[in-house]
2 protein chains.
Amino acid sequence: MSVLKKIEAKLEIMAPGDREIGQYIVDNPDQMLRLSTAALAAEIGRSQSSVVKFSQKLGYGSYQELKLAVSEAKSQEWQVPAGMIHGSIEVGDSYLVILRKLIGSKLLSMQQTVAANNEQDIGKALEMLNRARRIHLAGVGASSLVARDFSYKLMKLGRNVLHDSDSHVQMANVSTLGPDDVLFALSYSGASIETLRIAELARKRGTTVVAVTGLHDNPLSRVADIRLHTIADEERARSSSITARDAQLTLTDLLFILLVQKQPDANEYVHNSEVAVSVLKADRSS
Amino acid sequence: MSVLKKIEAKLEIMAPGDREIGQYIVDNPDQMLRLSTAALAAEIGRSQSSVVKFSQKLGYGSYQELKLAVSEAKSQEWQVPAGMIHGSIEVGDSYLVILRKLIGSKLLSMQQTVAANNEQDIGKALEMLNRARRIHLAGVGASSLVARDFSYKLMKLGRNVLHDSDSHVQMANVSTLGPDDVLFALSYSGASIETLRIAELARKRGTTVVAVTGLHDNPLSRVADIRLHTIADEERARSSSITARDAQLTLTDLLFILLVQKQPDANEYVHNSEVAVSVLKADRSS
DNA sequence: TCACAGCCGGAATAATTTATTCCTTTGCTT
DNA sequence: AAGCAAAGGAATAAATTATTCCGGCTGTGA
C-alpha cells in the first residue's frame, strides 16, 4: 500500500502532533522529500524529534526510509497517462471532458486499488479461496452485483460457490458453513449491517473471513481474518458509487486471474463453460 | 533526461574513481538509495568524500538530491509511457506483470468503447432514455449484472425502470411496453437468443430499442433503433469476459452521468437515495 | 630535465542531520 | 488522589554529509 494512503488512513487515530506531521506529508509530499527532519518540524511548528518518532511509528527504520517510501508512492500515482483528468464532473462540462474525467477516475481507482493491496495479502486470500471447500460471497446493494459477477467466474473454474442477492438467504447459507469454508465479504463502507452480521456469524462458525472494504477503519474489516482494500473517489460524490464498484471489480478480477494461473486445468474449465453457454446462444429455435 | 542515463552517458569521460561510483549507481540504483555516502564508498572501495564530490560534479547540491533524482528516475522507468502492456496474460507472468496487463486491458477497452460511439448516437440514446415513460433493461448472464447496475442508478434518478435477471420475466414485462417506453438491451455478442427475442417483441410493440453490442454485425444490433457499441479484448480469451463487462459498464456509467447533467434536480434525488440507504446501514439494531 | 600548474583522490575535520535519552505535562484509570 | 501511560519537547549522542587540506601523479613549457 502506498505510504500516503497509509498515513491518510491512520490520520484519525493519531495523536494531534503526529496528525499534523502526517497531514503535512500527505498534502506536500514533494516538499517533504527535500526537507530535513528539523526543517519539516519547523515548517509545522513541532520538534525535530517528533518527526523522527513519527517515521518510526509508521514502521520505518529511519526518516530516510520514510522519504524513500514517499518518493515511491508519489511515482505510483503519476502513472495516470497524460490527458486524463480526475477532477469531479461538473454540470457545465462538455461531452469530451466528461469522457476524460470518467475514464480518468475509473483508472485512478483501479490503480490505487491494486496499489493498496500488497502481494502478501492477495496471496493469502488466494490461498484461502483456492483451498476452500465452499466459497460464500456476501454483499448487498451494488456489492451484491460484484459478488455475483465473481461467483460466475469462480463457477467457471469449477468451484463450489454460494451467493444470493437476498441477505436473509445469505445468512441462512452461512449457517451451514464450517472451518473448511471461506466467506468473501464485500462492502465499501464496511458498515453494511447485513454483511457485517453475516461475517460475524461466519467467524463464530470458524469460517475464514476475507473482507474487501475501503481503507478507513470499519467494523467489517475488524472481524475479518484477511483484509483487502478498495479505493474509490470519495470526494466526487457523483462518481463515487461508480468507482467503488470498479475498484471491487478490479480486485475480484485480479483474484480470478491469479486463481486461473494457479489452476492447471483452468483453461479447460473456462473453455467448457464457454462452449456450454454458446450452445445456448446458438439455439435459435427456442 | 533521467539521471541514470545522464550518468551512463558521462561515464567514459569521468575520472576512474568517479566512473566506478557512477557505474555502481547505474547498476544498482536500488541499493544506492539505501546507502549513505560512507557505505557506498565502502562498497566500491573508495573514500566517502569522493562520493560527495561525485554528486556535486553532476550538478546536484547534495548527495540527498542525487538520491532523489535517482529515485525519480527509477520510477519513471516503471511507467511505460502511455503506460500499459496490452499483451495477453500468460501462465508464467509475475504478479506485477499481471497487474499491469489487467489494468492495461481494462483501460484499453474503456477507451476504445468511448471512441466507438459518437456523440450523436449517445445523444439520441440519452434523449430516448430521458423521455421514456418506462425503461426496460434486457440482458442475460454477465450482461444482466450490468443491466441491474444501470437500473439501480436510474432508480436513483427517480426513473421508472424494469429489470429482472430471469429472461422469462423480462419477456413478460416487455409485453406490457408501448411506444412511449424504451428497451435498453445489452449483449456483447448480440446473439443471446433471449435478449434478441425480447428486442424483437419490443420492436413489434412500437417500443424504441437501444442495443448495446460489440462492433461486429449481429442480430440484436439489426433490430435496434439506436445502436451503441462496446469493445472488448476478444483475442485475450482469459480476460474477454472481464473487458466486455467493463466496456458495458463504461457505457452505462457514461449515460448515467450525462443523464445527471440533464436533470436539474438529480443531485437531490441521488442525495435522498443515499440518505435512505445510510439509514439502513446505521440501523444496528436489526 | 626541471619547475609548476592542475587535478585526482584520500584523510581529517567541520557542519549538519538524524536518533536517542530523559524529563515534564496531561489525561486516564484505579 | 496516586499511579500509569502516552505525548511531546529539550538536550544530547550518533550518524551522515560537506569541506578543507594535502600528497601524489601527469602533462607542459622553458
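What's counted below: heavy atoms across the whole structure, side chains too, no hydrogens, waters or symmetry copies. The sequence lines fix the lettering, A, B, ..., with proteins before strands; numbering per chain opens at 1.
- Rounding to whole angstrom units, NZ of residue K53(A) and P of dC23(C) are separated by 13 Å.
- Straight-line distance from the CD1 atom of I21(A) to the P atom of dT18(C): 13 Å, rounded to whole Å.
- Going from atom CZ of R19(A) over to atom P of dA6(D) covers 17 Å, rounded to whole Å.
- Here the nucleotide nearest the side chain of S47(A), chosen from dA10(D), dT19(D), dT17(D), is dA10(D).
- The side chain of Q64(A) contributes no N or O atom lying less than 4.0 Å from OP1 or OP2 of dA15(D).
- The interatomic distance linking Y60(B) (OH) with dT17(D) (P) rounds to 17 Å, in whole Å.
- For Y63(A) and dA15(D), the OH to C1' distance is 16 Å, given to the nearest whole Å.
- A salt bridge links D149(A) and K153(A); the closest N-O separation between the charged side-chain nitrogens and carboxylate oxygens is under 4.0 Å.
- Side-chain proximity of S36(A) to the nucleotides dT17(C), dA18(D), dG10(C) is greatest for dT17(C).
- Per the geometry, CD belonging to Q56(A) stands 12 Å off P belonging to dT18(C), to the nearest Å.
- E200(A) has no carboxylate O lying under 4.0 Å from a charged side-chain N of K204(A), or vice versa, which leaves the two without a salt bridge.
- Here the side chains of D181(A) and H136(A) are not in contact, with every heavy-atom distance at 4.5 Å or above.
- Residue V52(A) has its side chain nearest to dT18(C) when only dT18(C), dA12(C), dA10(D) are considered.
- A straight line from CD of Q48(B) to P of dT20(D) spans 14 Å, rounded to a whole angstrom.
- Looking at D253(A) and K106(B), a side-chain N of the basic residue comes within less than 4.0 Å of a carboxylate O on the acidic one, giving a salt bridge.
- The S62(B) side chain lies nearest to dA18(D) when the options are dA18(D), dG10(C), dG9(D).
- Atom CG of L66(B) is separated from atom P of dT16(D) by 17 Å (rounded to the nearest Å).
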